[in-house]
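Working notes, structure below.
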Amino acid sequence: MTMIVAKSDFVKSSAEVKQCPADGRLDFAFIGRSNVGKSSLINMLCNRIALAKVSATPGKTQLINHFLINDRFYIVDLPGYGYAKVSKSLKNDFQKIIRSYILERENMAILFVLVDSRHEPQKIDLEFMRFLGEEGVPFAIIFTKADKLSEKQLNDSIERYKSRMLEEWEEMPQYFISSSAHSVGRDEILDYIDGICKELENAN
Ligand code: GDP
C-alpha cells in the first residue's frame with residue numbers, strides 16, 4: 001500500500017551543510033538543472049500546491065531546503081546544478097554547496113536526479129551522474145514532464161537515454177517516470193522511498 005503523506009512541513013533553508021537538520025532522520029534529495037520540474041515534483045510528492053518554490057529566482061543565494069514528511073524523513077530540495085564558473089576543466093566541478101551536501105551529508109539515503117523526459121541526454125546530467133558514480137553516491141533518475149510526450153515518444157526517449165547510459169554504466173540505474181501535471185509516478189516514488197526507509201531503519 002502506498003505511503004500516505006499525512007503531514008509535510010517546511011523545516012528550514014540552509015546555506016551550508018552544517019546548518020541542515022541534525023536529528024538523524026533520512027534525507028531523500030532531489031536535484032537537476034533549473035526548470036526540470038523539481039519544485040512541481042516535490043509539491044506533488046508532498047501533496048502541496050506550492051510548498052517548494054524557493055528555488056525559482058535565478059541568481060538567488062543557493063539554498064538547501066528541508067521538508068519533513070510524516071515526522072519520519074526529509075525531502076530535500078537542492079539547488080539546480082551548473083558548473084562552477086571558475087572552473088576550466090569542468091570535471092566534477094559542480095557548485096560547492098552541492099558537492100559538499102553530496103559528499104558530507106551522511107544521512108542522505110538517495111539522490112533523485114531529475115531529467116526532462118523530452119530532452120536528449122545532456123552533457124551536464126551525464127557528467128553529474130558520472131561524478132555520483134565515482135563517489136559511490138546512491139542515486140535514481142526521474143524522467144519529468146512525461147505528459148508533454150506521446151506514449152511512443154516517451155518510450156523512444158527513455159530507450160535513447162538507456163542506450164546512452166549503458167555506454168558507460170554496467171546497468172541502467174533505477175528510474176521513474178513522472179508527470180506533476182497528471183500526478184504520474186507519485187506512488188512509485190513514494191513506495192521506493194518507503195522501502196528504503198524500512199530497509200535502513202531495520203539495519204539500525
Ligand atoms: P524547477 O525549476 O526545476 O523547480 O521547475 P518547476 O517545477 O518550477 O517547473 C518548471 C516549469 O515546468 C513550470 O512552468 C512548470 O509548470 C512546468 N512543469 C513542471 N513539471 C511539469 C509536468 O510534469 N508537466 C508539465 N506539462 N509541465 C511541468
Side-chain angles (χ1 to χ4, degrees), residues 2 5 8-15 20 27-69 74-85 94-95 97-99 101-102 108 110-129 131-132 137 139-158 160-161 173-193:
T2 297
V5 175
S8 59
D9 301 298
F10 170 71
V11 175
K12 72 184 295 195
S13 293
S14 310
C20 290
D27 276 8
F28 291 86
F30 293 76
I31 198 165
R33 294 188 301 146
S34 69
N35 224 34
V36 70
K38 179 165 51 75
S39 309
S40 306
L41 180 82
I42 290 175
N43 290 333
M44 171 177 83
L45 294 175
C46 299
N47 286 335
R48 291 290 184 108
I49 303 200
L51 187 68
K53 202 54 225 173
V54 206
S55 62
T57 329
K60 236 185 98 183
T61 316
Q62 297 204 301
L63 297 171
I64 299 167
N65 299 300
H66 275 79
F67 301 95
L68 182 58
I69 308 303
Y74 291 107
I75 278 187
V76 183
D77 182 10
L78 293 174
Y81 56 68
Y83 294 114
K85 295 268 183 322
F94 297 94
Q95 299 101 302
I97 187 164
I98 291 175
R99 277 186 65 90
Y101 176 84
I102 288 169
M108 188 190 71
I110 194 148
L111 180 59
F112 291 98
V113 178
L114 277 56
V115 297
D116 192 317
S117 58
R118 295 169 298 175
H119 297 164
E120 282 181 28
Q122 304 284 307
K123 185 166 176 261
I124 191 161
D125 295 322
L126 297 170
E127 183 128 351
F128 183 69
M129 289 187 272
F131 160 63
L132 298 179
V137 177
F139 71 94
I141 299 174
I142 301 180
F143 294 102
T144 63
K145 307 190 190 182
D147 60 284
K148 294 209 178 202
L149 295 175
S150 71
E151 204 178 318
K152 163 133 192 9
Q153 288 171 323
L154 180 64
N155 284 334
D156 289 351
S157 192
I158 305 290
R160 178 177 63 190
Y161 215 96
Q174 171 76 44
Y175 71 90
F176 299 91
I177 292 169
S178 78
S179 160
S180 307
H182 294 179
S183 275
V184 171
R186 184 174 187 276
D187 290 355
E188 290 79 3
I189 295 166
L190 288 175
D191 284 348
Y192 184 66
I193 289 176

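As a basis for the values below, the full set of heavy atoms in this structure was taken, side chains included, without hydrogen atoms, waters or symmetry mates. Please read these numbers as outputs of a predicted model, since none were measured by experiment. All ligand and atom numbering here is 1-based and tracks the order in the structure. When a residue number appears, it is its place in the shown sequence, counting from 1.
- The side chain to side chain contact (heavy atoms under 4.5 Å, CB included) test applied to P121 returns L126, R160, Y161, R164, not counting sequence neighbours.
- The distance criterion of under 3.5 Å between nitrogen or oxygen atoms is met by S39 with respect to ligand 1.
- Judged as a side chain to side chain contact (heavy atoms under 4.5 Å, CB included), and not counting sequence neighbours, the contacts of E188 are F176.
- Between K145 and ligand 1, at least one N/O pair is under 3.5 Å apart.
- Those atoms of ligand 1 that come under 4.0 Å of a heavy atom in S179, given as number and element, are 23 (O).
- Ligand 1 has a nitrogen or oxygen under 3.5 angstrom from a nitrogen or oxygen of V36.
- For S178 against I142, the heavy-atom pair with the smallest separation is OG-CG2, 3.5 Å.
- A distance-only check finds no donor-acceptor pair linking the side chain of D77 to the backbone of I42 [under 3.5 Å].
- The atoms of ligand 1 that sit less than 4.0 Å from any heavy atom of K38 are 1 (P), 3 (O), 4 (O), 5 (O), 7 (O).
- The parts of N35 lying near ligand 1 are both backbone and side chain, judged by heavy-atom distances below 4.0 Å.
- Selection from G32, S40, A181 by nearest heavy atom to atom 20 (N) of ligand 1 gives S40.
- Closest non-hydrogen pair, C20 versus H66, comes out as SG-CE1, 3.5 Å.
- The shortest N or O to N or O distance between G37 and ligand 1 is under 3.5 Å.
- At under 3.5 Å, not a single nitrogen or oxygen of S34, backbone or side chain, sits near a nitrogen or oxygen of ligand 1.
- Residue contacts with ligand 1 for K148 involve side-chain atoms from C-beta outward but no N, CA, C or O (heavy atoms, distance under 4.0 Å).
- Annotation for I98 and P79: closest pair CD1-O, 3.6 Å, computed over non-hydrogen atoms.
- Using bins of under 30°, 30° to 60° and over 60° for the plane-to-plane angle, the ring pair F112/F30 lands in the parallel bin.
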